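All chains are named by letter (A, B, ...) in the order of the sequence lines, taking the proteins before the strands, and each is independently numbered beginning at 1. Being a predicted model, the structure only gives us computed values, none of them experimental.
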2 protein chains.
Amino acid sequence: MSETTGPRGGPTPRTRRDEVRRRLLDAAVRVFAERGYADSRLEDIAREAGFTKGAVYSNFGGKQELFAAILRERSEAELDAVTARTRDADDPAAAVAAAARLVARRIAEDTERGRLGLEVAALAARDSATRDIVAPLRRAQREAAARSLAEVADSGGAAPAVDPRLAGLIVHCLTNGLSMEHLADPEAVDAATVERALATVLNALLSPPASG
Amino acid sequence: MSETTGPRGGPTPRTRRDEVRRRLLDAAVRVFAERGYADSRLEDIAREAGFTKGAVYSNFGGKQELFAAILRERSEAELDAVTARTRDADDPAAAVAAAARLVARRIAEDTERGRLGLEVAALAARDSATRDIVAPLRRAQREAAARSLAEVADSGGAAPAVDPRLAGLIVHCLTNGLSMEHLADPEAVDAATVERALATVLNALLSPPASG
DNA sequence: GGTATCGGATACCCATGGGTATTGAGATGG
DNA sequence: CCATCTCAATACCCATGGGTATCCGATACC
């Protein structure tokens, strides 16, 4: 009656290893973002992925390694999203408006990303091993922002008002700060407000200050 | 021989309750900042304060209440530090320079504050009870920043370049973002860099943008 | 100074969850 | 078709740490 074969005789194929690993990582991202690293249980992550703890220990060395795998994976995926953003608009003002809107939307809508980022930052602030993984990624993000800004300033014909590296740092940190503020007080710091803040600073950085 | 009395017959006075509470709170701030909320052990906190777990449960309802007490306490102390800052310099440029230097120093030197702030933010992002305590505090901080900025702009005679509330949000979030970045990558984001970033944005917010 | 009360120390309980050893189903190869 | 290997499922171990019950010395009050 109850064989291990399906109704059509299929021998219940086993899910591929890659797939198992993928699902575990995705589930881990969700759970870590929702509960934080320390309060996340490996069993919950496994369940969320449709497996058990055994799968976790078969694919990763343990909790820390699972988290580190997420960090490494994210550090690649994160950069693409930032880079290709200001490609279509050639008018600097339009580019600024588009970028501000895009980033504001992401901050307001993708709270999972924000939460995970905050968790990573908090861990990095305390644990040097995490910091060693995170610091290079952040550097790359700042440089990507600097490059985008320089590009836009260049297309506008104006010489960059401030050192692009400094501008990149400012935009990067402001973005993270706004994300944090939105998570802490979503009512007061909504998408529109975030957008205005970003647009204001971007414009200020791209147009030379009035000498006074 | 071994009485409970000191060498001069003093009856070993017991530390005042207020004092016990004070020391426990101070120790808790240190430990929470160092290890994060979840990884902090009540016994470690008590030991750090020179007591035992019993003292904690005698003065606070438990771990969560201890943390909440810290939040409430900090929310008062935090505002004073922000407010009285730009009182001495009347020249806007000087005020900006002084403020940027002061904040940069605090970010670079007082890592404990930064770590605790990050931990609080991460908790608030996940837990609505924490958020309910944190959100009003953040609002007050933003408003304080807005007021300071408006004051400086006013003393310079120039009409504020942007809405003070928006400017307050920007400065507040940039500060937090810079603090986070310094914690994640202290080498690259040092005090001087933080200072430059802050000064740049403050100047931009206080002088009207060149119309282009 | 004797007694009641307070408050921190001590000892204990036990739910939690990371980690491990073992099992057994399904792939793999001869 | 059988032997072998792979890998997730299962069952288990046990250190950890929040919370509690109790004790006992110090203070307060009469």
Side-chain angles (χ1 to χ4, degrees), chain A residues 1-28 31-32 34-70 123 127 129, chain B residues 1-28 31-32 34-70 123 127 129:
Chain A
M1 301 300 180
S2 62
E3 293 283 297
T4 55
T5 61
R8 275 251 307 266
T12 320
R14 185 197 271 183
T15 41
R16 303 185 31 139
R17 189 139 223 247
D18 302 354
E19 182 67 17
V20 174
R21 192 186 155 90
R22 238 297 36 81
R23 287 193 203 166
L24 284 172
L25 276 169
D26 289 351
V31 175
F32 281 142
E34 192 65 29
R35 323 219 171 170
Y37 177 80
D39 283 346
S40 294
R41 286 162 292 215
L42 288 182
E43 186 158 341
D44 289 353
I45 292 172
R47 255 210 183 14
E48 173 101 5
F51 302 98
T52 65
K53 256 201 308 182
V56 173
Y57 278 94
S58 173
N59 282 280
F60 303 93
K63 199 182 186 184
Q64 294 186 358
E65 283 197 24
L66 174 58
F67 190 76
I70 289 176
L123 282 176
D127 176 46
Chain B
M1 304 296 177
S2 61
E3 294 284 298
T4 55
T5 61
R8 275 249 309 266
T12 321
R14 183 196 269 186
T15 42
R16 305 185 28 153
R17 186 138 225 249
D18 303 353
E19 182 66 18
V20 174
R21 192 186 155 90
R22 239 298 31 83
R23 288 194 203 166
L24 284 172
L25 278 169
D26 289 350
V31 175
F32 281 142
E34 191 65 30
R35 322 219 172 167
Y37 177 80
D39 283 346
S40 294
R41 286 162 290 210
L42 288 182
E43 186 158 340
D44 289 354
I45 292 172
R47 254 206 181 24
E48 173 101 4
F51 301 98
T52 65
K53 253 201 308 183
V56 174
Y57 278 94
S58 174
N59 282 280
F60 304 92
K63 197 181 186 183
Q64 293 185 358
E65 283 197 25
L66 174 59
F67 189 77
I70 290 177
L123 281 175
D127 176 47

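- Ion pairing between A:R22 and A:D18 fails under the 4.0 Å rule for side-chain N and carboxylate O.
- At whole-Å resolution of the value, CZ in B:F32 and C1' in D:dG18 are 12 Å apart.
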Please table the atom pairs, donor to acceptor, closer than 3.5 Å between any side-chain atom in residues 40-47 of chain B and protein atoms at least two apart or in another chain.
residue, atom, partner, partner atom, Å
B:S40, OG, B:V31, O, 3.4
B:S40, OG, B:G36, O, 2.6
B:R41, NE, B:D44, OD2, 3.0
B:R41, NH2, B:D44, OD2, 3.2
B:D44, OD2, B:R35, NH1, 3.4

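- For B:L42 and D:dG18, the CG to C1' distance is 6 Å, given to the nearest whole Å.
- Remark: A:E65 pairs with no residue by the salt bridge (charged side-chain N to carboxylate O under 4.0 Å, His left out) rule, at least two apart or across chains.
- Shown here for A:F51 and A:A55, the closest heavy-atom pair between the two residues is CB-CB, 3.7 Å.
- Note that CG of B:L25 and CG of B:N59 are 8.5 Å apart. Values are rounded to the nearest 0.5 Å.
- Within residues 60-67 of chain A, the residues having any heavy atom closer than 4.0 Å to DNA chain C are, in order of number, A:G62, A:K63.
- Scanning for ring pair (Phe, Tyr, Trp, His ring centres under 6.0 Å) contacts around B:F67 gives B:F32, B:Y37, with sequence neighbours left out.
- As rounded to whole Å, 12 Å separates atom C1' of D:dC7 from atom CG of A:L24.
- Among all heavy-atom pairs drawn from B:F60 and B:A69, the shortest one is CE2-CB, 3.9 Å.
- Residue A:E43 contributes atom CD, which lies 11 Å from atom C1' of C:dG18 at whole-angstrom precision.
- Side-chain atoms of B:R23 and B:T15 form no donor-acceptor pair, as typed in the model, at a separation below 3.5 Å.
- Looking only at distances, no side-chain donor or acceptor of B:D127 sits under 3.5 Å from a matching main-chain atom of B:L123.
- Taking atom CD1 on A:I45 and atom C1' on D:dA8, their separation rounds to 17 Å, with Å as the unit.
- Residues from residues 46-57 of chain A with heavy atoms under 4.0 angstrom of DNA chain D, sorted by number: A:F51, A:T52, A:G54, A:A55.
- Proximity of A:N59 to the phosphate of D:dA8: a side-chain N or O atom is located under 4.0 Å from OP1 or OP2.
- Using a 4.0 Å heavy-atom criterion, one finds that B:S40 contacts the sugar-phosphate atoms exclusively.
- Rounded to whole angstrom, the span from the CG atom of B:D18 across to the C1' atom of C:dC6 amounts to 14 Å.
- Computed from coordinates, the B:R16 CZ to C:dC6 C1' distance equals 15 Å when rounded to whole Å.
- Rounding to the nearest 0.5 Å places CD of A:E19 at 10.0 Å from CG of A:L24.
- For the pair A:D39 CG and D:dG18 P, the interatomic distance rounds to 11 Å; values are reported in whole Å.
- Atom-to-atom distance recorded for A:S58:OG and A:R21:CZ is 11.0 Å, nearest 0.5 angstrom.
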Contacts under 3.5 Å, N or O only, protein and nucleotides 4-6 of chain D:
residue, atom, partner, partner atom, Å
D:dT6, O2, A:R14, NH2, 3.2

